[in-house]
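Residue numbers start from 1 in every chain, and the chains themselves are labelled A, B, ... in the order their sequence lines are given, proteins ahead of strands. No hydrogens, no waters, no symmetry mates; every other heavy atom, side chains included, goes into these values.
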Amino acid sequence: MTTQQAEISQGRRLSGIWIIPLLALVLGIYMVIHNYMTEGPSINIAFKTADGLAAGKTKIKYRNVDMGLVEEVRLNESLDGVIAKVKMERQALPMLREDTRFWVVTARVGLGNISGLDTLLSGAYIQLAPGEGVKGKRDFVALEQPPLTPSGAPGLRVHLTSAKAASVSAGDAVLFNGYKVGRVESMTFEPDDRRAHYALFIDAPYHDLVDSQTRFWNVSGISLSAGADGFKLDTGSMDTVLLGGVGFGNPPGVGKGKPVENNTEFDLYPSYEDILKNPFRYGTHYVVSFAQSIKGLSIGAPVEYRGLILGRVERIMLKESLEYNVEQELEGKGTAIPVLIYLEPGRLELPDIPASVDNMRESIEIGVTNGMRASLETGSLLTGAKYVNIDYFPNAEEASMGDFLGYTTLPSIETGLGQIEQKLTAVLDKINALPLEDTVASANTTIMTLNSTLASLHTLLEKQSVQQLPEQLDETLQELRNTLQGLSPDSEAYQSLNSSLLRLNRTLGNMESLTRTLSAQPNAALFPSKPTPDIIPEVK
Amino acid sequence: MRVASLLLVVFLSGCASKAVEPSYYLMRSNHALESGQLTPSKDFAMGTVVIASYIDQRGLLVETQDGEIRAAQQNLWAEPVYEGVRNQILVAIRAAKGEHLLPADLNRDAIVLDIRLDQLHGTNDGNAKVVAYWWLRQGKEVLSAYKFAEVRPLATDGYAALVDAEKALLEQLAGRIAATLVVPEPQD
């Protein structure tokens, strides 16, 4: 028996035919890698509607260079918009950032311009505005309107608010001294604060014109006002007349402020005149209570300090006063009427900054301790218009500042015409209280009595004997004059009298000498002694 | 009876003695006498001359060694002192100014000169002494006031020398007064 041995042989060698599939595989892998390396990303852009969008047709452009193609347009999950899936070119990758904006460019006819006419033939396309934020974003929300300012444009973006929607809308010009330096980018109305909000962009280098003291006002349309000097017509440039616009600048008398940052908020004033009336941004409220008639005091009436306008009357707080009186059980007691005033330190040439308000409040607090009081004064005797005056009254009764519904109260004093009026009223009341009728009746009686007396006197004077009295009196006076003339220094009687008096004097002198001698020597008349010799004056 | 009458005559004649005659002095200016028309002053008039009461007596006054004032008994003024003083000052002023000061009641618009003589006597050191004040007034407004106080030594002993010295002092006083009689400048 023969043993059969298994014969071990080497396997067959790989056939050359496999080269082709292998080559295809390598080629395929290369193609995949190449495709991956060169293909742009896919992004999703949300639109409100699909107007102008067509899958496979609508292109994405940047500087008129194709950057992608819309691959698919579909409704979003909530069915209130559409999402366009766009295949972007790889070179667009760096442009896809968080603030990259897209919008549909189509033919638009507006009040200010006509744009996108070329899309009538070529079809709408999506415009890409590259951003500068973080890379990697793939889902975007398209703008409804083309942005008015290119992204990254140099300049300043500010926000304005106004209580009343002005005739300003997106696209309107922003003017400085009538020159267009920017534009209104958007206008929205926020129900939360019930104010209209505007976004403005001011191109460089004009953005340096804006600082913290800058005021913005509406220059839209035509302003026609009538005054004592006739009619006054104010307009901006023709496009602001037709389309509206916003002007800005620093009010006269208000210095240059500090530079502002992007997105700073400002107020939008209705007109330039409103700014001139209220050019200051910072101020503070006080409440002044007047226990007198406030007739003639109107809202907006000036508050003055020694003739300088310091602020204005903002409100007469009648409603608050009534509520306060009810709360404090002061109802029916004729309490003072509170008036809300607004004081602006900028009017005293202090810097228009919050710190000045604090300084002014401190000054007023110190001033009140030294007699500072508010008073109601008459500004015009013709119209009776009144204003609030703040001044020092050193003799005023001591008073202090208080609080009224959250406002600081400033003590008041009654002065001037108001005081005169009260005093006059008091005098008139006293005159009214006088018993004038009784007095007149009494006076009538007196006059009648006087008439009777005069009649009697007249009768007396008509008597001949009385009429002769003046003549007799005259004669008497003449005689008296003659008599006195006889005694005048020039008269003979006077000379004689004077001479007699001299002799009498001499005699009296002799008598005095005799009396003195007899006193010393009683027998001198019979036995005269030798007189004492006089002392002889001697030369020394 | 005859014997009794003779005794009485003898007795009375024994008691009789010769009376001493007093000497009288007149206060008058020594300016030369002249006649003519007086020129009344329009601007000034003579007011009152008041003398101190101790001066107003007839005897001339002399101060003793003890400091007393004694009036002479035999040396008398011939007229009241104030008349003499007034006359002498009037004459001296007329001589100095060339104008006579009328009494104030004859020239009511004029500035009136009033004089008070405070001292006029002989002193114990051989001088005559005069102290006087005067002022000028218009109505009741005094315009100016002055004082004079001077002494003058006697030339010789005796009352005649005292009178001469007093007259010289009054002459000096009148000269000072005359120098003050100046119409004040009108004020603007």
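Within a 6.0 Å radius of CD in A:E437, other residues, nucleotides and ligands contribute 12 heavy atoms or fewer. Summarising the local packing, CG of A:N444 is surrounded by more than 12 heavy atoms from other residues, nucleotides or ligands at distances under 6.0 Å. More than 12 non-hydrogen atoms from other residues, nucleotides or ligands lie less than 6.0 angstrom from CZ of B:R86. Within a 6.0 Å radius of CD in A:Q478, other residues, nucleotides and ligands contribute more than 12 heavy atoms. Atom CD of A:E471 sits in a sparse spot, with 12 or fewer heavy atoms from other residues, nucleotides or ligands closer than 6.0 Å. Within a 6.0 Å radius of CD in A:Q472, more than 12 heavy atoms belonging to other residues, nucleotides or ligands are found.
Of the two parts of B:E83, only the side chain, counted from C-beta on, holds a non-hydrogen atom closer than 4.5 Å to a non-hydrogen atom of chain A. Heavy atoms closer than 4.5 Å to chain A are found in the side chain of B:P80, but not in its backbone.
Most heavy-atom pairs under 4.5 Å with chain A: of the set B:A155, B:A128, B:A72, B:A71, this distinction falls to B:A72. Among B:N75, B:V62, B:L162, the residue making the largest number of heavy-atom pairs under 4.5 Å with chain A is B:N75.
To the nearest 0.5 Å, the span separating CD1 on A:I535 from CD on B:Q73 amounts to 10.5 Å. Taking CG from B:N124 and CD from A:E538, the interatomic distance works out to 11.0 Å, rounded to the nearest 0.5 Å. Interatomic distance, A:D534 CG to B:L76 CG, rounded to the nearest 0.5 Å: 8.0 Å. Between the CZ atom of B:R58 and the CD atom of A:E512 there is a distance of 12.0 Å, given to the nearest 0.5 Å.
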